[in-house]
Amino acid sequence: MVRNCLIMMMFVAFSACDDITTSQLPGKWQLKTVEKNGAVTTVDTVWYNFQSESVFLLQFYMRQYDEYVSLYGMKVQEDNDLTIELVSDAFLDLIDWEERIRSFSIESLDSKKLTLRSEEGYLYSFNRF
């Protein structure tokens with residue numbers, strides 16, 4: 001009986017982890033590093049905003065113009081799979097997206113840190129802003 005209770009408690013704990021992943025994603029996340037083919041680049045001018053169940057906002061700062069750019073879109077999350085579709089392809093040449101639609105897997109997520117892996121294999125590390 002005790003063994004069955006322990007197994008049930010472990011199952012509930014693991015299920016709760018999945019719920020935390022979903023509930024902790026909304027908010028503003030500042031991109032800190034991008035790892036591409038083993039090279040790590042430090043970033044401090046890009047933010048991903050998961051504003052609700054489906055609304056997404058990508059913001060970045062263009063130093064050369066002293067201006068912020070906002071790109072709106074929609075997101076779909078299924079477990080640890082995340083797909084983001086931007087409304088427009090304007091400014092894609094200024095970020096590392098090749099198309100308006102981009103798929104990621106959520107590698108890790110807690111209340112302060114988020115790590116996404118793109119389908120191209122790039123690793124994006126964020127801090128909650």
Side-chain angles (χ1 to χ4, degrees):
M1 181 70 164
V2 171
R3 187 177 136 212
N4 288 343
C5 287
L6 288 174
I7 291 171
M8 182 60 103
M9 287 173 49
M10 287 176 53
F11 177 75
V12 168
F14 287 126
S15 297
C17 290
D18 287 343
D19 292 341
I20 291 170
T21 298
T22 302
S23 67
Q24 288 183 341
L25 187 59
K28 187 170 190 170
W29 297 89
Q30 183 176 21
L31 183 60
K32 300 307 277 181
T33 61
V34 178
E35 183 178 336
K36 297 179 182 181
N37 305 322
V40 177
T41 303
T42 302
V43 182
D44 67 352
T45 58
V46 177
W47 297 265
Y48 282 26
N49 298 273
F50 301 99
Q51 298 181 340
S52 69
E53 285 271 326
S54 60
V55 177
F56 174 77
L57 172 65
L58 187 155
Q59 295 174 296
F60 62 95
Y61 178 69
M62 295 191 308
R63 285 191 173 108
Q64 66 271 33
Y65 302 111
D66 191 28
E67 187 174 316
Y68 287 89
V69 174
S70 297
L71 307 174
Y72 294 91
M74 304 298 286
K75 77 161 182 82
V76 174
Q77 181 183 356
E78 294 179 15
D79 298 322
N80 288 337
D81 295 326
L82 178 65
T83 302
I84 300 170
E85 181 175 354
L86 298 175
V87 173
S88 168
D89 59 2
F91 301 107
L92 287 185
D93 57 328
L94 300 177
I95 59 176
D96 68 349
W97 291 37
E98 293 184 17
E99 299 179 15
R100 291 184 314 117
I101 300 174
R102 192 114 190 252
S103 295
F104 300 91
S105 62
I106 300 172
E107 295 275 313
S108 64
L109 173 62
D110 63 31
S111 62
K112 296 181 182 178
K113 296 196 179 289
L114 167 65
T115 305
L116 299 177
R117 183 173 300 278
S118 71
E119 58 188 1
E120 300 87 5
Y122 300 157
L123 197 63
Y124 297 84
S125 298
F126 298 82
N127 287 344
R128 188 173 295 277
F129 189 73

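Hydrogens, waters and symmetry mates are skipped; everything else that's a heavy atom, side chains included, is used.
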Sequence-distant partners of [X], side-chain contact (heavy atoms from CB on, under 4.5 Å), two or more places apart:
{"X": "Ser52", "value": "Ser54, Val55"}
{"X": "Phe91", "value": "Phe60, Val69, Leu71, Leu94"}
{"X": "Tyr61", "value": "Thr45, Trp47, Arg63, Asp66, Tyr68"}
{"X": "Ile101", "value": "Thr83, Glu85"}

Quick check for you: to the nearest 0.5 Å, what is the distance between [X] atom [atom1] and [Y] atom [atom2]?
{"X": "Tyr124", "Y": "Ile106", "atom1": "OH", "atom2": "CD1", "value": "15.0 Å"}
{"X": "Lys75", "Y": "Glu53", "atom1": "NZ", "atom2": "CD", "value": "6.0 Å"}
{"X": "Leu92", "Y": "Trp97", "atom1": "CG", "atom2": "CH2", "value": "8.0 Å"}
{"X": "Asp44", "Y": "Thr33", "atom1": "CG", "atom2": "OG1", "value": "12.0 Å"}
{"X": "Leu25", "Y": "Tyr48", "atom1": "CG", "atom2": "OH", "value": "12.0 Å"}
{"X": "Ile84", "Y": "Phe56", "atom1": "CD1", "atom2": "CZ", "value": "4.0 Å"}

Item checked: Check: Lys112 main-chain N/O paired with Asp110 side-chain donor or acceptor under 3.5 Å ->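 Indeed, once roles are kept as given, a pair shorter than 3.5 Å links the two residues.
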
Note to self: Which Ile, Leu, Val, Met, Phe, Trp or Tyr residues join Met74 in one cluster when any pair of side-chain heavy atoms under 4.5 Å counts as a link?
What the structure shows: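 Other cluster members: none.
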
Margin query: Test question: given the 4.5 Å side-chain rule for I, L, V, M, F, W and Y, name all other residues clustered with Leu123, or answer none.
Written below: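 Leu123 clusters with nothing; isolated.
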
Next item on the list: Could you name each residue pair satisfying salt bridge (charged side-chain N to carboxylate O under 4.0 Å, His left out) that touches residues 27-43, not counting sequence neighbours?
Entry: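 Non-adjacent pairs meeting salt bridge (charged side-chain N to carboxylate O under 4.0 Å, His left out): Lys36-Asp96.
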
Item checked: Verify same cluster id: Phe126, Leu57 (apolar side-chain graph, 4.5 Å) ->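 Shared cluster, no.
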
Notebook entry, point to check: Same cluster for Leu86 and Met62 if Ile/Leu/Val/Met/Phe/Trp/Tyr side chains link at under 4.5 Å?
Noted result: yes

Checklist line | By side chain to side chain donor-acceptor pair (under 3.5 Å) - contacts of Asn127 (at least two apart) | finding: Lys113

Check: Leu58 versus Ile95: any side-chain heavy-atom pair under 4.5 Å?
Finding: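 In contact.
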
Item checked: Within residues 114-123 or reaching into it, pairs that qualify as side-chain hydrogen bond (donor to acceptor under 3.5 Å, both in side chains) - sequence neighbours excluded ->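 Listed once each, the pairs are Arg102-Glu120, Glu107-Arg117, Ser108-Thr115, Ser118-Glu120.
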
